[in-house]
Amino acid sequence: MAVPYNHRAIEAKWRTNWEKKPVNVNDGTKPKYYCLDMFPYPSGNGLHVGHWRGYVISDVWSRYKMLQGYYLIHPMGWDAFGLPAENYAIKMGVHPAVSTAENVRNIKKQINDIAAIYDWDMEVNTTDPAFYKWTQWIFVKMFKEGLAYEKEFPINWCPSCKTGLANEEVVNGVCERCGSPVTKKNLRQWMLRITKYADRLLSDLDRLDWPEKVKKMQTDWIGKSYGAEVDFKVDGREDSIRVYTTRPDTLFGATFMVLAPEHAMAASLATDETRGAVEKYIYDASMKSNVDRLQDKEKTGVFTGSYAVNPMNGAKIPIWLSDYVLADYGTGAIMCVPAHDDRDFEFAKKFNIPIIQVIAKDGKEIEDMQEAYTEASGTMINSGEWNGMESSVLKKEAPAMIEERGLGKKTVNYKLRDWVFSRQRYWGEPIPIIHCPKCGNVPVPEDQLPLTLPEVESYQPTGTGESPLAAIEEWVNTTCPCCGSPAKRETNTMPQWAGSSWYFLRYVDNKNDEKLVSREKADKYLPVDMYIGGVEHAVLHLLYSRFYTKFLCDIGVIDFDEPFTKLFNQGMITGKNGIKMSKSKGNVVSPDELVEDYGCDSLRMYELFVGPPELDAEWDDRGIDGVSRFLKRFWNLAVTSIEKNVPATKEMVKVRHQLTHCITERLNSFSLNTVVSGFMEYNNRLIDLAKSTDGAVDLETIETFVTLLAPFAPHIAEELWEMLGHDDSVFHTSWPEYDPDEMKDDEIQVPVQINGKTRVVISISAEASKEEALEAGKAAVAGKISGTIIKEIYVPKKIINLVVKNK
RNA sequence: GCUGGAGUGGCGAAAUGGCAGACGCGACAGACUCAAAAUCUGUUUUCCGCAAGGGAGUGUGGGUUCAAGUCCCAUCUCCAGCACCA
């Protein structure tokens with residue numbers, strides 16, 4: 001009687017063996033393959049089955065690459081700065097560093113249950129001063145290059161987290177972290193000039209092997225638009241107002257102008273009659289939160305009493321204020337062409353402003369216009385010298401024409417804003433800047449980094465816009481590194497994204513205290529070949545990382561300017577009915593018991609089997625029985641085969657090559673769920689074949705199967721590999737190859753259709769000619785044809801279709 | 001509103017334009033068992049039929065094709081992202 005499959009014993013044994021003798025070794029001759037997981041935040045909640053998915057996917061891919069002969073770089077680390085640890089500190093009075101270390105210990109233990117082949121020698125932790133020394137160093141470099149600057153302006157403020165937020169962290173007007181409505185607060189902020197890289201961040205997307213969805217999201221986020229800035233003189237005054245438009249072709253149709261209430265000239269445009277209303281509107285707008293502003297879809301506005309002059313035709317148009325115009329995009333002022341813009345149309349209708357059509361749709365003006373005609377397609381009308389031109393052509397040419405005549409200039413705009421980089425919280429990297437009354441902002445000298453985070457009495461955010469660090473006088477008060485006079489330290493800290501924007505560079509040289517990463521190692525091991533993680537970082541982490549990488553490339557630290565060559569976003573594992581797993585919903589499924597009951601190998605395979613890796617999947621414990629039974633059946637087949645050692649039949653050889661082909665193809669196309677079903681299918685076939693050979697198949701077939709299975713179920717694979725008589729790890733063999741000639745069937749099944757409906761399936765020789773196939777097909781359905789065959793189709797080895805016409 | 005993605009058995013799902021439902025879960029029947037679990041064998045889209053066989057069928061309506069889940073046009077529903085960016 002064969003040894004039964006005992007996952008507990010096998011998994012424990014191999015865990016120990018691998019620890020004693022690591023499998024992934026760099027012998028200096030193999031090419032590298034860098035497969036990276038998005039590093040986790042070490043939360044106190046621990047891992048659930050959803051977290052496993054991404055890690056299993058990346059581990060399977062990593063082990064596959066290893067079997068293909070690569071030296072694998074597959075590290076793991078901790079993105080450990082951030083609010084949860086700090087909030088926990090406030091509640092429990094424990095230093096965030098203490099709770100963080102505790103969480104890291106626990107999560108590391110849980111991650112080890114996955115049996116992923118991480119190289120823990122490369123581990124990094126963003127809160128380690130030896131790490132954040134370089135986070136600060138990058139900031140200093142950016143400061144010196146003019147990319148980090150201070151600015152006071154109304155930023156997004158989360159009243160609950162009591163900190164400023166970047167645009168990317170505001171989702172539908174609420175805080176990404178806690179869901180509180182975001183308000184505006186005037187604060188002095190550190191900013192990073194990411195906009196300087198807008199064009200490169202946009203155009204370099206073309207080079208990346210990333211999901212189109214993510215590229216599209218980044219493209220939209222950067223939001224490049226082409227247009228013109230045009231000056232409109234204020235009637236009766238010397239000054240003019242500059243507007244930005246992407247539709248200069250419609251200039252003759254401008255019947256009014258709107259300024260954002262925050263526009264610098266807004267108040268000055270009021271007349272004696274309108275002053276009260278204008279000032280009230282400006283005040284009300286300043287009190288509105290983002291959420292209110294988003295929810296009030298109904299347009300509001302106030303007429304200033306002043307008029308602007310259309311530079312093309314001298315028409316006087318009223319100037320209004322409205323909060324549908326954004327102060328910080330373009331020039332904060334727009335010309336309004338209600339006939340050809342939805343928002344202007346709505347506003348004009350509401351306030352009875354004339355509508356002039358300047359593009360003839362289908363050759364004529366639209367009668368009784370009910371909505372704006374927004375396409376740049378049609379002939380120009382009511383447009384003076386532009387009459388008769390094609391709108392789409394004029395749209396492209398007008399900016400240059402306007403510039404030539406001195407009416408304005410051709411220009412490009414981006415939705416992307418500079419990155420608000422300071423946070424008024426404790427648990428982050430201190431911004432290494434000293435404010436000197438004489439020298440201004442002076443960076444902490446590089447040889448004095450890291451600037452470590454001091455101990456504080458209270459982690460409580462102050463809410464005044466000052467970080468808790470501001471209360472520590474002996475830390476705040478320092479001397480200027482330039483002139484030695486008394487000076488004050490910057491007390492804001494960096495956002496959580498700071499460390500995660502470059503951590504992937506550090507893994508390969510994590511103990512280097514001279515350099516962020518040595519150029520040699522960077523050239524040898526970077527960039528990341530495959531990056532695996534959730535799609536939630538499409539415009540945050542993934543955009544910031546690209547920016548950092550480009551900057552570090554520009555200053556010569558590294559020699560590549562895109563960090564992640566290939567990106568894969570795994571779908572989320574949800575609870576029943578697609579509800580996100582969360583503690584508060586009580587639908588969290590822990591992997592711990594599943595590992596105990598079924599084993600790591602079974603859970604790994606089930607994580608893949610639940611559905612296509614890129615789609616969300618609802619978790620259902622019951623399905624794991626399927627993969628568990630498969631592993632048991634394969635174990636029994638393998639053990640019996642080892643015992644009996646039967647010779648290979650022709651059929652076994654064929655199935656072996658087909659299996660290798662099937663698994664390799666599906667793995668290459670990243671169809672991991674069907675790889676698992678492929679294993680099951682071929683296991684069933686082999687078990688069926690073995691019925692006539694004493695329950696066994698030949699050992700070469702078992703070896704092949706074991707090797708193919710190894711990335712998925714490494715423990716059982718190693719155990720069987722050993723039982724097959726090998727004394728080295730299965731991961732040191734190479735990925736099996738298949739011979740297309742060996743895979744071929746002698747006899748093939750071909751359905752025979754009459755008018756597209758299958759009537760019978762015949763078995764013919766794989767070598768059969770078209771004539772022979774059709775002959776056999778016709779013979780098989782002879783009795784079913786009532787009429788004349790008018791067309792005969794034979795798709796080789798696929799199908800026969802006879803088109804029959806009734807008499 | 002815009003941009004993606006998805007709609008296929010009781011359920012998770014599979015299908016380079018070529019037998020729709022592979023693989024698995026669940027269910028049902030049988031074998032083994034005193035019994036149960038485990039395991040093994042079989043059935044399992046649906047309708048008509050004792051059967052042989054036949055009809056229908058991939059959200060809905062059209063189209064292209066010898067052949068459509070797959071391609072084209074229109075339309076509905078659900079999920080996600082963005083959201084007054086001129």
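Every chain is numbered from 1 and lettered A, B, ... according to where its sequence line falls, protein lines coming before strand lines.
Across B:G26, B:A22, B:G18, the shortest atom-to-atom separation from the side chain of A:Glu681 is found for B:A22. Of the candidate nucleotides B:C66, B:G26, B:U41, B:G26 has the atom lying nearest to any side-chain atom of A:Asp625. Comparing B:C66, B:A86, B:C19 against the side chain of A:Val803 picks out B:C66 as the nearest. Comparing B:A22, B:A86, B:G24 against the side chain of A:Asp341 picks out B:A86 as the nearest. Of all nucleotides listed (B:C84, B:G24, B:C19), B:C19 comes nearest to the side chain of A:Ile799. In this structure, the nucleotide among B:C19, B:A86, B:C23 sitting nearest to the side chain of A:Met680 is B:C23. When distances are taken from the side chain of A:Lys691 to each of B:U41, B:C66, B:A86, the shortest belongs to B:U41. The side chain of A:Ser225 has B:A86 as its nearest neighbour among B:C23, B:A86, B:C19.
Under 4.0 Å is where a charged nitrogen must lie from a carboxylate oxygen, and between A:Lys396 and A:Asp249 no such pair does. The residues A:Lys299 and A:Glu346 are annotated as salt-bridged, a charged nitrogen and a carboxylate oxygen being separated by less than 4.0 angstrom.
Nucleotides B:A37 and B:U43, compared at atom C1', are 23 Å apart to the nearest Å.
The residue A:Lys757 sits close only to the backbone: its heavy atoms come under 4.0 Å of sugar-phosphate atoms, none of a base. Within the nucleic acid shown, A:Asn684 comes within 4.0 Å of sugar-phosphate atoms alone, with no base atom in reach, counting heavy atoms only. Within 4.0 Å (heavy atoms only), A:Arg759 reaches sugar-phosphate atoms of the nucleic acid but no base atom. Heavy atoms of A:Val795 sit under 4.0 angstrom from at least one base atom.
Across every strand in view, B:U64 sits unpaired, with no contact that passes the Watson-Crick or G-U test at under 3.5 angstrom. Partner assigned to B:G42 is B:C28, using Watson-Crick or G-U wobble distances below 3.5 angstrom. Under the Watson-Crick and G-U wobble criteria, each requiring two contacts below 3.5 Å, nucleotide B:A52 is left unpaired. In this structure B:U3 sits in a base pair with B:A80, meeting the Watson-Crick or G-U test at under 3.5 Å.
For A:Tyr682 and A:Phe705, the gap between ring centers reaches or exceeds 6.0 Å.
Among all heavy-atom pairs drawn from A:Met335 and A:Thr245, the shortest one is CE-OG1, 3.8 Å.
In this structure a side-chain-to-backbone donor-acceptor pair under 3.5 Å is present from A:Asp341 to A:Asp344.
Of the two residues contacting RNA chain B, namely A:Lys798 and A:Lys415, the nearest-nucleotide position lying further toward the 5' end is that of A:Lys798. Across the interface with RNA chain B, nearest-nucleotide mapping of A:Ile624 and A:Lys224 shows A:Ile624 to be the residue nearer the 5′ end.
Using a 4.0 Å cut-off on heavy atoms, the residues of residues 212-220 of chain A that approach RNA chain B are A:Lys213, A:Lys216, A:Met217, listed by number.
Within 6.0 Å of NZ in A:Lys215 there are more than 12 heavy atoms belonging to other residues, nucleotides or ligands. Residue-environment remark: CD (A:Glu747) exceeds the threshold of 12 foreign heavy atoms within 6.0 Å. Other residues, nucleotides and ligands contribute at most 12 non-hydrogen atoms within 6.0 Å of the NZ atom of A:Lys410.
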Please output the side-chain donor-acceptor pairs of residues 619-627 of chain A that fall under 3.5 Å, not counting sequence neighbours, one pair per line with the distance.
{"unit_1": "A:Trp619", "atom_1": "NE1", "unit_2": "A:Asp621", "atom_2": "OD1", "d": "2.6"}
{"unit_1": "A:Asp620", "atom_1": "OD1", "unit_2": "A:Arg622", "atom_2": "N", "d": "3.1"}
{"unit_1": "A:Asp620", "atom_1": "OD2", "unit_2": "A:Arg622", "atom_2": "NH2", "d": "3.3"}
{"unit_1": "A:Asp625", "atom_1": "OD1", "unit_2": "A:Tyr598", "atom_2": "OH", "d": "3.1"}

Give me the distances for all protein-to-nucleotides 10-14 of chain B N/O pairs that come in under 3.5 Å?
{"unit_1": "B:G12", "atom_1": "O2'", "unit_2": "A:Val610", "atom_2": "O", "d": "2.8"}
{"unit_1": "B:A14", "atom_1": "OP1", "unit_2": "A:Asn673", "atom_2": "ND2", "d": "2.8"}

